[in-house]
Participant: 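Once you've had a glance at the structure underneath, I'll fire off some questions.
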Amino acid sequence: MASQNLQSVPPELSPDEREREQAGQAYFDRIISEDSRIEPRDWMPEAYRKTLLRQISQHAHSEIIGMQPEANWITRAPSLKRKAILMAKVQDEAGHGLYLYSAAETLGQSRDKMMDDLIAGKARYSSIFNYPAISWADMGAIGWLVDGAAICNQVPLCRASYGPYGRAMVRICKEESFHQRQGFEILLELSNGTEAQKQMAQDAVNRWYAPALMMFGPPDDDSPNSKQSMAWNIKRFSNDELRSRFVGMMVEQVKVLGLTLPDDQVRFNEETKKWEHGPLDWNEFKDVLAGRGPCNAQRLERRREAHDDGAWVREAAAEYARKQAEKEYAA
Ligand code: 3HC
């Protein structure tokens with residue numbers, strides 16, 4: 001493996017630089033083949049750094065954009081307890097964004113640049129957050145299905161080969177588990193309530209099911225990044241593999257909820273030993289990624305407003321840091 005990769009060392013380097021690059025590549029190949037971890041100061045191929053930066057920054061953006069559909073419901077939560085839980089969850093998402101931006105910064109990209117790209121509409125974030133949350137039951141469906149899909153996708157990322165990403169994911173996944181449970185509990189309560197409440201819960205599950213399955217990304221034969229990301233031990237499973245596992249988890253849980261999945265083609269394939277689901281509308285997915293989802297414009301507009309409203313906080317923090325540095329220098 002190492003000797004094959006050494007051929008990618010650029011020929012225009014000086015002999016010293018060439019030797020350093022070769023040693024770096026050999027070290028990197030060994031760490032990956034031992035399923036160990038690359039740390040920020042280690043040598044890494046430029047393509048590995050770029051892939052990580054792409055995935056981690058998109059993930060960070062998803063966390064903070066994902067605060068919006070639920071934050072809209074904080075003032076309308078049906079009880080003080082629900083309000084407190086929802087506020088805590090939305091704050092957790094902000095925290096996840098911060099861990100992930102910090103992990104991305106270790107790859108040499110400034111947080112300002114990442115934020116500028118998001119605000120300018122140049123960066124991706126998860127398709128799921130471009131759908132509207134129109135009823136209280138959507139808070140349940142988001143917790144159960146969206147956070148459930150997030151856990152299924154992200155638990156394997158705790159073993160990602162890049163240290164800061166894997167470590168951030170450990171804490172994020174613990175919190176996501178709580179998020180999923182609170183969503184499940186909202187749906188369970190509604191499902192055991194009046195007929196109208198049960199209908200509201202079913203309607204929310206019907207609307208969020210397919211978008212949640214699409215969170216795992218395009219089908220494997222249409223996923224340009226998966227193969228290399230898996231070879232580098234960033235992703236551990238393919239998009240379709242994780243989607244299938246998720247369907248298997250939901251099939252059992254929906255029975256406890258007393259609800260149904262809006263998919264009569266869900267079945268366990270005894271030959272492949274995998275869960276299968278009905279067709280998904282990949283044209284809709286592409287439209288959402290191209291900025292034409294139901295809420296894309298609104299989500300970005302709200303993000304821009306929040307960024308502008310927070311300018312004074314950033315300025316105050318920068319000024320405080322400057323004064324502290326001045327004091328330390330004078331001492
Ligand atoms: N939404 C938006 N874009 C998506 C997407 C989705 N659901 N799924 C795939 N894409 C994009 C990819 O980013 C890639 O675009 P790019 O090349 O321009 O960056 C393109 O579609 C092709 O997809 P690939 O399968 O080749 O891309 P990846 O190998 O990166 O796999 C992924 C996509 C599975 C989403 C992977 O990046 C991943 O596991 N990311 C980390 C987890 C993450 O970001 N989750 C987002 C949700 S966060 C969240 O759920 C918050 C929680 O609080 C609920």
Side-chain angles (χ1 to χ4, degrees), residues 47 50-71 86 88-101 103-104 117-118 122-131 133 139 141-160 162 165-166 168-169 171-180 182-183 208 210-232 234-243 246 280 282 284-293 296 299:
K50 276 196 181 143
T51 290
L52 281 168
L53 196 51
R54 178 184 65 78
Q55 178 164 329
I56 303 173
S57 62
Q58 288 177 4
H59 194 165
H61 297 326
S62 305
E63 297 285 353
I64 63 163
I65 294 282
M67 295 164 71
Q68 293 186 33
E70 291 171 294
L86 193 56
K89 178 179 192 283
V90 172
Q91 282 176 352
D92 281 353
E93 309 296 0
H96 298 175
L98 293 181
Y99 312 148
L100 289 164
Y101 284 122
D117 286 349
L118 174 64
K122 291 189 208 157
R124 288 200 195 288
Y125 58 87
S126 183
S127 50
I128 193 74
F129 300 119
N130 293 304
Y131 292 86
M139 297 304 98
I142 291 176
W144 180 52
L145 287 169
V146 175
D147 290 87
I151 293 170
C152 199
N153 165 264
Q154 292 171 21
V155 166
L157 292 174
C158 296
R159 293 190 290 121
Y162 188 56
Y165 191 33
M169 291 316 307
R171 181 150 174 192
I172 290 176
C173 285
K174 284 184 184 159
E175 292 174 354
E176 296 292 11
S177 301
F178 152 74
H179 296 170
Q180 193 199 18
Q182 66 86 40
W208 287 93
L213 292 196
M214 291 197 258
M215 280 174 75
F216 292 93
D220 290 351
D221 50 14
D222 203 16
S223 163
N225 301 301
S226 282
K227 201 166 164 241
Q228 183 60 74
S229 287
M230 287 169 74
W232 278 328
I234 299 171
K235 282 168 84 160
R236 297 289 176 158
F237 301 100
S238 75
N239 299 354
D240 285 334
E241 168 70 33
L242 291 174
R243 192 167 12 248
F246 176 63
L280 294 168
W282 292 109
E284 174 183 312
F285 177 75
K286 283 178 188 155
D287 269 353
V288 172
L289 261 61
R292 296 188 293 271
N296 292 62
R299 298 287 184 244

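Just follow the structure's listing: the first ligand is 1, and inside any ligand the first atom is 1. Being a predicted model, the structure only gives us computed values, none of them experimental.
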Participant: Does only the side chain of I128 get under 4.0 Å from ligand 1, or the backbone, or both, or neither? Count heavy atoms.
Facilitator: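 The answer is neither.
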Participant: List ligand 1 atoms under 4.0 Å from A150, heavy atoms only on the residue side.
Facilitator: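 Those qualifying, in numeric order: 50 (O), 54 (C).
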Participant: For the 3.5 Å polar cut-off, considering only N or O atoms, please tell me whether S62 and ligand 1 meet it.
Facilitator: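 Between S62 and ligand 1 (N or O atoms, distance only) the closest approach is not under 3.5 Å.
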Participant: Give a yes or no on this: more than 12 heavy atoms of other residues, nucleotides or ligands lie within 6.0 Å of atom CZ of R292.
Facilitator: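 Enclosed: over 12 neighbouring heavy atoms sit under 6.0 Å from CZ of R292.
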Participant: Closest by any non-hydrogen atom to atom 28 (P) of ligand 1: pick that one out of H59, K235, H96, K89.
Facilitator: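 Residue with the shortest heavy-atom distance to the ligand atom: K235.
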Participant: Are side-chain heavy atoms of N153 and F246 found at a separation under 4.5 Å?
Facilitator: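 With C-beta onward as the side chain, the pair stays apart.
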Participant: Please write down residue, atom name and distance for the protein heavy atom closest to atom 6 (C) of ligand 1.
Facilitator: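 The answer is S127 OG, 3.5 Å.
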Participant: Among all the protein's non-hydrogen atoms, which is closest to atom 18 (O) of ligand 1, and how far away is it?
Facilitator: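 Result for atom 18 (O) of ligand 1: R124 NE, 3.0 Å.
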Participant: To the nearest 0.5 Å, what is the distance between CE (M169) and CD1 (I151)?
Facilitator: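 Interatomic distance, M169 CE to I151 CD1, rounded to 0.5 Å: 10.0 Å.
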Participant: Just verifying a value: how many Å separate F178 CZ and C173 SG, rounded to the nearest 0.5 Å?
Facilitator: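 Nearest 0.5 Å value for the CZ-SG distance: 15.0 Å.
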Participant: I need the atoms of ligand 1 closer than 4.0 Å to a non-hydrogen atom of Y125, numbered in the order shown.
Facilitator: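 Near Y125, the atoms of ligand 1 are 1 (N), 2 (C).
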Participant: Mind checking whether Y165 has a heavy atom under 4.0 Å from ligand 1?
Facilitator: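 Distance cut 4.0 Å: Y165 passes for ligand 1.
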Participant: Checking a contact table here: which protein heavy atom is nearest atom 10 (N) of ligand 1, and how many Å away?
Facilitator: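 Residue, atom and distance for the closest contact: L289 CD2, 4.1 Å.
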Participant: Does I234 form a side chain to side chain contact (heavy atoms under 4.5 Å, CB included) with L52? I'd like the steps, not just the answer.
Facilitator: CA-CA 8 Å; I234 299 171; L52 281 168; 3.8 Å; yes
Participant: Below 4.0 Å, non-hydrogen atoms only: which portion of L242 touches ligand 1? Side chain, backbone, both or neither.
Facilitator: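 The answer is neither; L242 stays 4.0 Å or more away.
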Participant: Does atom 38 (C) of ligand 1 have any protein heavy atom closer than 4.0 Å?
Facilitator: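 For atom 38 (C) of ligand 1 the answer is yes, since some protein heavy atom falls inside 4.0 Å.
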Participant: Among all protein heavy atoms in this structure, tell me which lies nearest to atom 27 (O) of ligand 1, with the distance rounded to 0.1 Å.
Facilitator: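 So the nearest neighbour among protein heavy atoms is N225 ND2, 3.3 Å.
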Participant: Please work out whether any backbone atom (N, CA, C, O) or any side-chain heavy atom from C-beta onward of Q154 is under 4.0 Å from ligand 1, and answer side chain, backbone, both or neither.
Facilitator: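 Near ligand 1, Q154 shows its side chain, while the N, CA, C and O stay back.
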Participant: Could you label the plane-to-plane angle of the Y165 and H59 rings as parallel, tilted or perpendicular, counting under 30° as parallel and over 60° as perpendicular?
Facilitator: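 Taking H59 first and then Y165, their aromatic rings stand perpendicular (interplane angle over 60°).
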Participant: Heavy atom under 4.0 Å from ligand 1: found in F285's side chain, backbone, both, or neither?
Facilitator: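 Within the 4.0 Å criterion, F285 contacts ligand 1 through side-chain atoms alone.
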Participant: Measuring from F129:CZ to I65:CD1, what's the distance to the nearest 0.5 Å?
Facilitator: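 Rounded to the nearest 0.5 Å, the CZ-CD1 separation comes out at 9.5 Å.
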Participant: Should D92 be listed as contacting ligand 1, given a heavy-atom distance under 4.0 Å as the test?
Facilitator: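 No, D92 has no heavy atoms under 4.0 Å from ligand 1.
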Participant: Counting non-hydrogen protein atoms only, what is the nearest one to atom 13 (O) of ligand 1? Give residue, atom name and distance.
Facilitator: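 Checking every protein heavy atom, the shortest distance to atom 13 (O) of ligand 1 gives Q58 OE1, 2.8 Å.
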Participant: Indicate yes or no for a side-chain donor-acceptor contact from N130 to the backbone of G291 under 3.5 Å, with no hydrogens or angles considered.
Facilitator: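 Side chain of N130 to backbone of G291, a donor-acceptor pair under 3.5 Å: no, none is there.
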Participant: Could you tell me whether L157 approaches ligand 1 through its side chain, its backbone, both or neither, with non-hydrogen atoms closer than 4.0 Å?
Facilitator: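 Side chain only.
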Participant: Please check this pair: side chain of R299 against backbone of G66, looking for a donor-acceptor N/O pair closer than 3.5 Å.
Facilitator: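 Between the backbone of G66 and the side chain of R299 there is no qualifying donor-acceptor contact (under 3.5 Å).
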Participant: Quick check: does N239 get an N/O under 3.5 Å from an N/O on ligand 1?
Facilitator: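 In this structure, N239 places an N or O atom under 3.5 Å from an N or O of ligand 1.
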Participant: Looking at M214, which atoms of ligand 1 are within less than 4.0 Å of one of its heavy atoms?
Facilitator: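 Heavy-atom distances to M214 below 4.0 Å select 7 (N).
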Participant: Going by heavy atoms in the side chains, are Y125 and Q58 under 4.5 Å from each other?
Facilitator: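 When only atoms from C-beta onward are counted, Q58 and Y125 do not touch, as no gap falls below 4.5 Å.
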Participant: Name the orientation class of the two ring planes belonging to W282 and F285 (parallel below 30°, tilted from 30 to 60°, perpendicular beyond 60°).
Facilitator: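 Perpendicular: the ring planes of W282 and F285 meet at over 60°.
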Participant: If you measure from CD on Q154 to SG on C152, what distance do you get to the nearest 0.5 Å?
Facilitator: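 The SG atom of C152 is 10.0 Å from CD of Q154, to the nearest 0.5 Å.
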Participant: Which of the atoms of ligand 1 are close to E93, meaning less than 4.0 Å from one of its heavy atoms?
Facilitator: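 In order of numbering, the contacting atoms are 52 (C), 53 (O).
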Participant: Considering heavy atoms of the protein only, find what lies nearest to atom 54 (C) of ligand 1 and give residue, atom and distance to 0.1 Å.
Facilitator: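 Minimum-distance protein heavy atom for atom 54 (C) of ligand 1 reads D147 OD2, 3.6 Å.
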Participant: If you take the nearest heavy atom of each of Q55, H61, K227, E70, which one is closest to atom 40 (N) of ligand 1?
Facilitator: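 Looking at heavy atoms only, Q55 sits closest to atom 40 (N) of ligand 1.
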Participant: Rounded to the nearest 0.5 Å, what's the gap from CD on E175 to CD1 on I172? Could you check?
Facilitator: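 With rounding to 0.5 Å, CD (E175) is 8.0 Å from CD1 (I172).
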Participant: What is the nearest protein non-hydrogen atom to atom 8 (N) of ligand 1, stated with its residue, atom name and distance?
Facilitator: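 It is G217 CA, 3.2 Å.
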Participant: If we only consider heavy atoms of P224, is any one of them less than 4.0 Å away from an atom in ligand 1?
Facilitator: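 In this structure, P224 qualifies as a contact of ligand 1 - some heavy atom is under 4.0 Å.
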Participant: Can you pull out the closest protein heavy atom to atom 34 (C) of ligand 1? Residue, atom name and distance to 0.1 Å, please.
Facilitator: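 Its nearest protein heavy-atom neighbour is F216 O, 3.6 Å.
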Participant: Touching ligand 1 at all, E176? Heavy atoms, strictly under 4.0 Å?
Facilitator: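 Distance cut 4.0 Å: E176 passes for ligand 1.
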Participant: Can you list the atoms of ligand 1 that are under 4.0 Å from a heavy atom of N153?
Facilitator: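 Contacts of ligand 1 toward N153, numbered from 1: 34 (C), 39 (O), 41 (C), 42 (C).
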Participant: Looking at NE2 of H61 and OH of Y101, how far apart are the two atoms once the value is rounded to the nearest 0.5 Å?
Facilitator: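 With rounding to 0.5 Å, NE2 (H61) is 4.5 Å from OH (Y101).
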Participant: Please identify which atoms of ligand 1 are closer than 4.0 Å to at least one heavy atom of E63.
Facilitator: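 Contacts of ligand 1 toward E63, numbered from 1: 51 (C), 52 (C), 53 (O).
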Participant: Do R243 and L280 have side chains that approach each other closer than 4.5 Å (heavy atoms only, starting at C-beta)?
Facilitator: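 Touching, per the 4.5 Å side-chain cut-off.
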Participant: Can K89 and D92 be said to form a salt bridge (charged side-chain N to carboxylate O under 4.0 Å, His left out), step by step?
Facilitator: CA-CA 5 Å; K89 178 179 192 283; D92 281 353; over 6 Å; no
Participant: For H179 and E176, does a side-chain donor sit closer than 3.5 Å to a side-chain acceptor?
Facilitator: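 Note: H179 and E176 side chains meet the donor-acceptor criterion.
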Participant: Could you tell me whether M215 and ligand 1 have an N or O pair separated by under 3.5 Å?
Facilitator: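 Between M215 and ligand 1 (N or O atoms, distance only) the closest approach is under 3.5 Å.
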